[in-house]
Amino acid sequence: MGNPTVDLLEKCKNDLRRTYDNYLSTRNDSVDFNLFLDDKDFRKARLIIFKLCEKKSIEKPQELINSRNVEELILSIHFDTSDYAEALNVISTLFNSFIDDIEMESIDVQIVHIKCEVPEELSYNHILEDISKCENRVETGDYSGALTSARSLIEGVCKEIIYNIEGQDVEGSPNLPKLFKRVRNHLNLDPSNEALHQSLQQVISGLIQVVQGLNEVRNIGGDGHTRKVSPSLHHALLVVNSAKTVVNFLFDTYEYQRKLGKIHLSEVVSSQTPN
């Protein structure tokens with residue numbers, strides 16, 4: 001399985017080299033600097049490199065700082081280099097070390113994307129967008145942002161389930177483990193409940209630890225606070241996939257118990273639900 005971030009950076013590097021070739025052969029006002037690489041992809045790759053520079057605490061490449069589109073970069077390289085080979089080397093140098101860093105970080109990390117099916121009626125504060133945000137932030141190298149989005153995903157789902165059952169929004173910004181406990185109480189998921197099979201009690205206890213861990217990881221490495229550590233790819237994947245597992249379990253339990261009549265929608269929600 002390829003790495004989308006590596007693929008994007010490789011594509012930008014190769015397309016910029018082709019663009020430079022095309023610029024040298026054309027050399028007139030009609031040259032199309034976006035023939036091979038559009039500015040949108042270039043800016044995306046540029047921001048990824050900036051993010052990686054911040055993570056490594058190194059200076060950002062001056063060529064990228066000065067250039068916000070393909071034309072600016074090509075012209076800058078052309079007028080700052082003495083020959084064709086040097087220009088191509090500058091382009092490769094801008095990308096290769098960052099591509100190597102991402103690939104080395106990905107060694108022995110199996111990227112497993114857990115399918116997460118979110119019923120439309122349980123969307124809360126753009127939960128569907130939060131799922132995409134988790135994936136996109138991992139793919140673009142924004143690992144701190146991925147941690148924050150993963151926490152927001154769980155928080156949003158918990159709030160929606162509480163709203164559906166209690167009929168009112170959760171006020172303020174409650175502690176995530178306490179919010180999760182409130183949902184578990186509604187869904188009859190108390191690990192001390194002797195009516196539950198022992199293996200299920202253990203699974204629920206594990207999920208409680210997962211939620212507590214996700215909350216702490218986000219506080220340490222997320223982008224919502226001053227970061228104490230910089231998360232890596234495997235950290236982001238673990239957190240995002242764990243969040244999806246929790247969300248899937250909550251949705252499945254909610255739907256199952258609602259159909260059995262063990263939990264009931266609030267009158268507010270019931271009145272809004274089509275027959």
Side-chain angles (χ1 to χ4, degrees), residues 114 116-135 137-138 143-193 196 200-228 231 235-258 262-270 272-273:
I114 300 174
C116 189
E117 297 180 351
V118 182
E120 291 286 346
E121 66 272 13
L122 283 182
S123 61
Y124 184 97
N125 288 338
H126 308 294
I127 290 176
L128 295 178
E129 288 83 349
D130 281 340
I131 293 173
S132 297
K133 190 183 295 182
C134 290
E135 298 284 1
R137 286 186 163 183
V138 170
Y143 305 140
S144 294
L147 303 190
T148 299
S149 294
R151 186 192 185 283
S152 297
L153 174 61
I154 297 178
E155 181 179 318
V157 172
C158 287
K159 285 182 176 180
E160 177 63 13
I161 291 175
I162 291 171
Y163 175 78
N164 282 2
I165 295 174
E166 297 182 5
Q168 59 183 6
D169 291 323
V170 176
E171 298 293 334
S173 301
N175 175 274
L176 183 60
K178 290 183 179 179
L179 193 64
F180 184 59
K181 182 179 180 180
R182 190 167 160 185
V183 171
R184 287 191 294 104
N185 289 338
H186 280 304
L187 299 182
N188 306 306
L189 295 175
D190 184 350
S192 64
N193 184 355
L196 295 176
L200 184 55
Q201 291 176 342
Q202 292 173 342
V203 170
I204 295 171
S205 296
L207 289 179
I208 294 172
Q209 295 299 316
V210 167
V211 171
Q212 291 176 338
L214 293 183
N215 188 58
E216 290 302 315
V217 167
R218 184 262 182 177
N219 288 339
I220 294 173
D223 61 2
H225 298 77
T226 300
R227 265 179 279 166
K228 299 178 182 178
H235 299 140
L237 288 170
L238 175 64
V239 169
V240 169
N241 286 334
S242 296
K244 291 184 191 178
T245 299
V246 172
V247 168
N248 270 321
F249 180 71
L250 290 179
F251 275 132
D252 290 343
T253 303
Y254 171 85
E255 288 293 295
Y256 175 76
Q257 296 200 13
R258 185 172 65 85
K262 292 184 177 182
I263 58 174
H264 302 279
L265 298 181
S266 68
E267 293 183 2
V268 173
V269 175
S270 296
Q272 298 172 349
T273 303

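- Annotation: the span from R184 atom CZ to I161 atom CD1 amounts to 12.5 Å, rounded to 0.5 Å.
- What you find for D190 and L196 is that their closest heavy atoms are O-CD1, 3.4 Å.
- Between the side chains of E166 and H186, at least one donor-acceptor pair of N or O atoms lies under 3.5 Å.
- Under the 4.5 Å side-chain criterion, counting only non-hydrogen atoms from C-beta, D169 is not in contact with K159.
- To the nearest 0.5 Å, atoms CG (L214) and CG (L147) are separated by 9.0 Å.
- Atom CD of Q212 is separated from atom CG of N175 by 8.5 Å, given to the nearest 0.5 angstrom.
- The distance from atom CG of N164 to atom CD1 of I263, rounded to the nearest 0.5 Å, is 9.0 Å.
- Of the inter-residue distances, the one linking N241 atom CG with L238 atom CG reads 8.0 Å to the nearest 0.5 angstrom.
- Checked against side chain to side chain contact (heavy atoms under 4.5 Å, CB included), N185 has the following partners two or more places apart in sequence or in another chain: K181.
- The side chain to side chain contact (heavy atoms under 4.5 Å, CB included) with T253 is formed by just one residue from the set N248, L189, I204, V183; it is L189.
- Proximity of N215 to I154: side-chain heavy atoms (C-beta onward) are nowhere separated by under 4.5 Å.
- The shortest non-hydrogen separation linking V240 to C134 is CG1-CB, 3.8 Å.
- In this structure, the side chains of Y143 and V239 stay at 4.5 Å or more apart for every pair of heavy atoms.
- Applying the side chain to side chain donor-acceptor pair (under 3.5 Å) rule to Q202 yields no partners; only residues at least two apart in sequence or on another chain are considered.
- One distance of note links OG1 of T245 with CG of L207; it measures 8.0 Å at 0.5 Å rounding.
- Side-chain atoms of V170 and R182, non-hydrogen and from C-beta on, do get closer than 4.5 Å to each other.
- Listed here is the closest heavy atom pair of R137 and S149: NH1-OG, 3.3 Å.
- The shortest non-hydrogen separation linking Q257 to L187 is NE2-O, 2.6 Å.
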